Amino acid sequence: MLPPLDDVDRIMDIMAVAFPAEYGEAWNRRQVSDALLLAGTHRGLISADGSSQPGPHEAAAGFYLSRGLFDEEELLLFAIAPSWRRRGLGHKLLAQFVENARQRGKKRLFLEMRRNNPAGILYAAHGFRPIGIRPRYYRTSNGDRIDAITQELVID
Ligand SMILES: CC(C)(COP(=O)(O)OP(=O)(O)OC[C@H]1O[C@@H](n2cnc3c(N)ncnc32)[C@H](O)[C@@H]1OP(=O)(O)O)[C@@H](O)C(=O)NCCC(=O)NCCS
């Protein structure tokens, strides 16, 4: 019998297919494993049926990684595998992130995204608002520069 999948395996399976190669946003396994050893780093998963805990041998359809400090938390990575997109899983996973952070007592959530990423529509729908721009922050593989937009959600 196959060994159960662990969450790093699940995250890396999605990482391999979810991020457009030209932006260099995907993390390697070492980066993910090391981040998860740090206090305050959290992961969330979603399975294809929308539940937050895939079965022992079940792959995930999406994941997030976040890091909290005091009453703030930053969303570091957020992705749904391409074959499961546009079915509402991004909405569910983002709601899960916000709710889990709220339960940890967080008051302000942050994230950073490249300008014009369609993910911005999803973030706006959940109340995130742009609060800053880092001009030409991201460099694509063909040398283009893209602004980073910092977004914030204040939790009541
Ligand atoms: C962004 C992402 C997580 C959305 O996941 P998803 O499961 O498709 O999201 P949902 O199905 O819940 O869609 C949420 C809404 O976001 C918007 N949206 C998502 N993808 C979109 C796209 N490619 N173009 C336009 N709007 C889009 C739509 O408004 C959509 O609602 P609708 O389908 O009812 O129109 C997914 O496309 C992804 O993993 N992208 C690559 C990784 C990435 O860029 N992560 C964010 C880094 S900041």
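First listed ligand is number 1; within each ligand, the first listed atom is number 1. The model shown is predicted, which means the values in this text are computed figures rather than measured ones.
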Would you call D13 and R10 a salt bridge, taking side-chain N to carboxylate O under 4.0 Å as the test?
-> no
Acceptor/donor pairs from residues 124-136 side chains to any protein atom, 3.5 angstrom cut, sequence neighbours excluded:
unit_1: H126; atom_1: NE2; unit_2: H91; atom_2: ND1; d: 2.9
unit_1: R134; atom_1: NE; unit_2: E112; atom_2: OE2; d: 2.7
unit_1: R134; atom_1: NH2; unit_2: E112; atom_2: OE2; d: 3.3

Using a 3.5 Å cut-off and no angle test, enumerate the donor-acceptor pairs between side-chain atoms of residues 50-62 and protein atoms at least two apart in sequence or in another chain.
unit_1: S51; atom_1: OG; unit_2: S47; atom_2: OG; d: 2.8
unit_1: S51; atom_1: OG; unit_2: D49; atom_2: OD1; d: 3.1
unit_1: E58; atom_1: OE1; unit_2: G55; atom_2: N; d: 2.8

Taken in chain and number order and not counting sequence neighbours, the residues that satisfy side chain to side chain donor-acceptor pair (under 3.5 Å) with N142 are T140
Check each protein residue for a heavy atom under 4.0 Å from ligand 1 and list those that pass, ordered by chain and number.
-> A18, F19, F78, A79, I80, R85, R86, R87, G88, L89, G90, H91, E112, M113, R114, N117, P118, A119, I121, L122, Y123
Common cluster, Y137/F110, ILVMFWY with side-chain heavy-atom separation under 4.5 Å = no
Looking at D7 and R43, does any basic side-chain N land under 4.0 Å from a carboxylate oxygen?
-> yes
